[in-house]
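Predicted model, so just to flag it, every value in this text is computed and none were measured.
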Amino acid sequence: MTDREPATGKLGISRRTLLRTMAASVPMLALPEFLSAQTSEELYGGVFVVGTGTEPRHLNQNITTDIVTKMIASCMQNKLVGLKSDLTPKADLAKDWSVSDDGLIYTFNLHDGVKWHDGTPFTSEDAKFTFEQVLFKFHNQGKTLAPYVDEITTPDATTIVFHLNAPNDVMMTFIAGQGYIHPKHLYDGVDIMDSPANLAPIGTGPFKFASWNRGQDVAMELNDEYFMPGMPYVDRIVIRFIPEATARVRALEAGEVDYLAYNDLPHSMIADLDKNPDVTVTSKGHEAWGSIVELMMNLDKEPFNNRKVRMGIAHALDLDFIIEKATYGLATRATGPISSQLAWAYKPDTTQYPFDVAKANALLDEAGYPLTDGTRFSATIVANRGTESFIKAAQVIAEQLKVVGIDITVNPLDMATVAEQVYKTRKFDMFIQSLTTGPDPALGVQRQYIASNIRPVPYTNGIGYRDENVDALLIKAAQSPDRAERAELYKELADILCDDCALVWLYENPTYSAFRSAFGNLHTWAAESIYAYSNVYWKEGDVSRG
């Protein structure tokens, strides 16, 4: 890789020039002796630039599961443990942990001497506060787990203990996948949803917040007091906001951007990128997702509160054609609310609604929406304008529904506005989104269908689905420590939701990310690699920092 201007396009200096400049101003890491001998391949220096089509409203990933928020904030924050590709935990703020034989007590022993970016010591009280006052109250998955925790105790500053009221197959997965720890001294006693810290996070992570130029980028600089020896490797991480999909890919090809996660990589350009020797395209590192693209309908509005209308819409859609046009044939059909990637809980033989225009018309007639001057009713489909495949899918759906007399307007919006309309005010007709069903259905699936999660928080039960049998199944499945029993419960759940045509599951999202081959430690260990790149290194860097 040759020297180039940083992707911010402002400084006009090369990576190496930037490295030398920063060496004079940034305190250097004191490397342990065994690391100074360079026993690993990681090198130091440089700037890692991530391109994304969406700019978030804030950077608090504990009150949203929005991908872009997590892509930025995760570089600055830590969890008690991380989530490896095999969905087992990896040490993070906790150096080790144990679970009691009866599965009721989870004990985490924390690293000594960890500091928040503002210099305040990190303690177990920060973790206790985060779970009790933030994750269990505001996180769209965390709230569903709160009832299973009787108490969280902190015997000392470096020990935190979770006391459960019943064995649980989900708790560790949530802690490892979503439990980013917040500083109690900044959030205690303030409005969590509107804290100034949401815009300039203070974390314990390898990178510190540097700047947010609205409409342009967020920059982070290395934390020279990071508790993990030798890390981080690059000097800065920059997240550039590039709304236009083709421009993002061209920036990657030109070396102005180093990384595009699957949500920002248009399917139309994957094949060409895969031929580029300077770019690595991978489907690895997405093991936690089980992502399904859905056509959501607002069940609190007519005509979508009518099951026959939903069934008619489902029969009017040629899913194979949608997959071909929206994803260039890269996706596979979804058969219900759980992705086939979660094989243990997946049921393929659910009620399906094959493409059948005559049946669609008959169902819409029976539902009480006859054709009048060629139209039955009008509706709007909202879609994130930053995701090419969503817009294409919406356009194809609009054309297919027109055939059965449904007049559709496609409304492309930025993601922040989408979250406002769909989840906060719920003023929408239909919405195309990608929703993860993993790493466990109790986390990814339950949040969308359990009635208690109809609330103004992104990625909750935005469709307004209500069914007592579904609620009971979800609760029982989340509580059970037996994986085999849970699998049967989730398969029963899939049958109910598909019979009810709760929404239209369009396809399983093809997950391909791409990065410049000049960078290492990407998509190698984490089940959620799209925002687990704080240990990235530049292959043209230096053996030591300084």
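Between the side chain of Asn223 and the main chain of Gly205, a donor-acceptor pair closer than 3.5 Å is present. Within the 3.5 Å criterion, the main-chain N or O of Leu93 finds no donor-acceptor partner in the side chain of Asn78. With Gln479 contributing its side chain and Ala166 its backbone, the two residues share no donor-acceptor pair below 3.5 Å. In this structure, the side chain of Asn140 engages the main chain of Pro458 through a donor-acceptor pair within 3.5 Å. Here the side chain of Lys184 pairs no donor or acceptor atom with the backbone of Phe129 at under 3.5 angstrom.
Residues meeting the ring pair (Phe, Tyr, Trp, His ring centres under 6.0 Å) test with Tyr180, sequence neighbours left out: none. In this structure, Phe390 has no ring pair (Phe, Tyr, Trp, His ring centres under 6.0 Å) partners at least two apart in sequence or on a different chain. Partners of Glu488 by side-chain contact (heavy atoms from CB on, under 4.5 Å), not counting sequence neighbours, listed by chain and number: Lys491. For Asp150, the side-chain contact (heavy atoms from CB on, under 4.5 Å) partners are Asn165, not counting sequence neighbours. Partners of Glu55 by side-chain hydrogen bond (donor to acceptor under 3.5 Å, both in side chains), not counting sequence neighbours, listed by chain and number: Trp212. Contacts of Ala494 classified as side-chain contact (heavy atoms from CB on, under 4.5 Å), with partners at least two apart in sequence or in another chain: Pro337, Thr350. Residues that satisfy the side-chain hydrogen bond (donor to acceptor under 3.5 Å, both in side chains) test with Tyr187, not counting sequence neighbours, are Asn198. Applying the side-chain contact (heavy atoms from CB on, under 4.5 Å) test to Ala477 and every residue at least two apart in sequence or in another chain returns Leu489, Tyr490. By the ring pair (Phe, Tyr, Trp, His ring centres under 6.0 Å) test, Phe227 is found to be paired with His111, residues two or more places apart in sequence or in another chain being considered. Residues that satisfy the ring pair (Phe, Tyr, Trp, His ring centres under 6.0 Å) test with Phe174, not counting sequence neighbours, are His139. Under the salt bridge (Lys or Arg N to Asp or Glu O under 4.0 Å) criterion, Asp169 pairs with Arg483, Arg486, not counting sequence neighbours.
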**Request:** Determine, step by step, whether Phe138 and Asn62 satisfy the side-chain contact (heavy atoms from CB on, under 4.5 Å) criterion, reporting the C-alpha distance in whole Å, the side-chain angles of both residues, the deciding distance to 0.1 Å, and the verdict.
**Result:** CA-CA 7 Å; Phe138 298 97; Asn62 282 349; over 6 Å; no

**Item:** Residues Thr64, Val457; criterion side-chain contact (heavy atoms from CB on, under 4.5 Å); working and verdict
**Value:** CA-CA 7 Å; Thr64 181; Val457 175; over 6 Å; no

**Message:** Run Asp440 and Thr173 through side chain to side chain donor-acceptor pair (under 3.5 Å) and show every step you take.
**Reply:** CA-CA 8 Å; Asp440 189 289; Thr173 303; 5.2 Å; no

**Request:** List the steps and the verdict of side-chain contact (heavy atoms from CB on, under 4.5 Å) for Thr436 and Asn509.
**Result:** CA-CA 9 Å; Thr436 58; Asn509 204 10; over 6 Å; no

**Request:** Let me see the working for Arg236 and Phe48 under side-chain contact (heavy atoms from CB on, under 4.5 Å), right down to the final yes or no.
**Result:** CA-CA 6 Å; Arg236 287 169 68 84; Phe48 182 64; over 6 Å; no

**Trace of the side chain to side chain donor-acceptor pair (under 3.5 Å) decision for Glu42 with Asn521** = CA-CA 8 Å; Glu42 287 85 354; Asn521 280 353; 3.1 Å; yes

**Message:** Quick one, Arg57 with Thr417, criterion side chain to side chain donor-acceptor pair (under 3.5 Å). Give me CA distance, side-chain angles, the key distance, then yes/no.
**Reply:** CA-CA 10 Å; Arg57 287 191 172 184; Thr417 305; 4.6 Å; no

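With respect to the salt-bridge test (charged N to carboxylate O, under 4.0 angstrom), the residues Asp224 and Arg545 do not qualify.
Contact detail for Phe209 and Pro201: the closest heavy-atom pair is CB-O, 3.7 Å. Nearest heavy atom pair, residue Met76 against residue His117, reads O-CE1, 3.3 Å.
Between Tyr537 and Phe519, the ring centre distance reaches or exceeds 6.0 Å. Aromatic ring centres of Tyr512 and Tyr262: separated by at least 6.0 Å.
A side-chain donor from one of Glu125 and Thr154 sits under 3.5 Å from a side-chain acceptor of the other. For the residue pair Ser434 / Ser291, a side-chain donor-acceptor distance below 3.5 Å is found, with atom types taken as modelled. Side-chain contact annotation: His58 with Thr69, donor-acceptor N/O pair under 3.5 Å absent. With no hydrogens or angles considered, no side-chain donor-acceptor pair links Gln178 and Thr65 at under 3.5 Å. Donor-acceptor pairing under 3.5 Å is recorded for the side chains of Asp264 and Thr52. At a cut-off of 3.5 Å, with distance as the only test, no side-chain donor of Ser480 or Asp482 sits close to an acceptor on the other residue. Using modelled atom types, one finds no donor on one side chain facing an acceptor on the other under 3.5 Å when comparing Ser517 with Asp278.
Distance check, rounded to the nearest 0.5 Å: CD1 of Ile450 to NZ of Lys143 gives 10.0 Å.
No side-chain heavy atom of Asn168 sits under 4.5 Å from any side-chain heavy atom of Leu104.
The 12-atom threshold is exceeded at CG of Asp102, counting heavy atoms of other residues, nucleotides or ligands nearer than 6.0 Å.
Ring geometry for Phe431 versus Tyr423: interplanar angle over 60°, hence perpendicular rather than tilted (30 to 60°). Ring planes of Phe162 and Phe131: perpendicular class, angle over 60° (limits at 30 and 60°).
Sorted by first and then second residue, the ring-ring contact (aromatic ring centres under 6.0 Å, His included) pairs involving residues 434-458 (not counting sequence neighbours) form an empty list.
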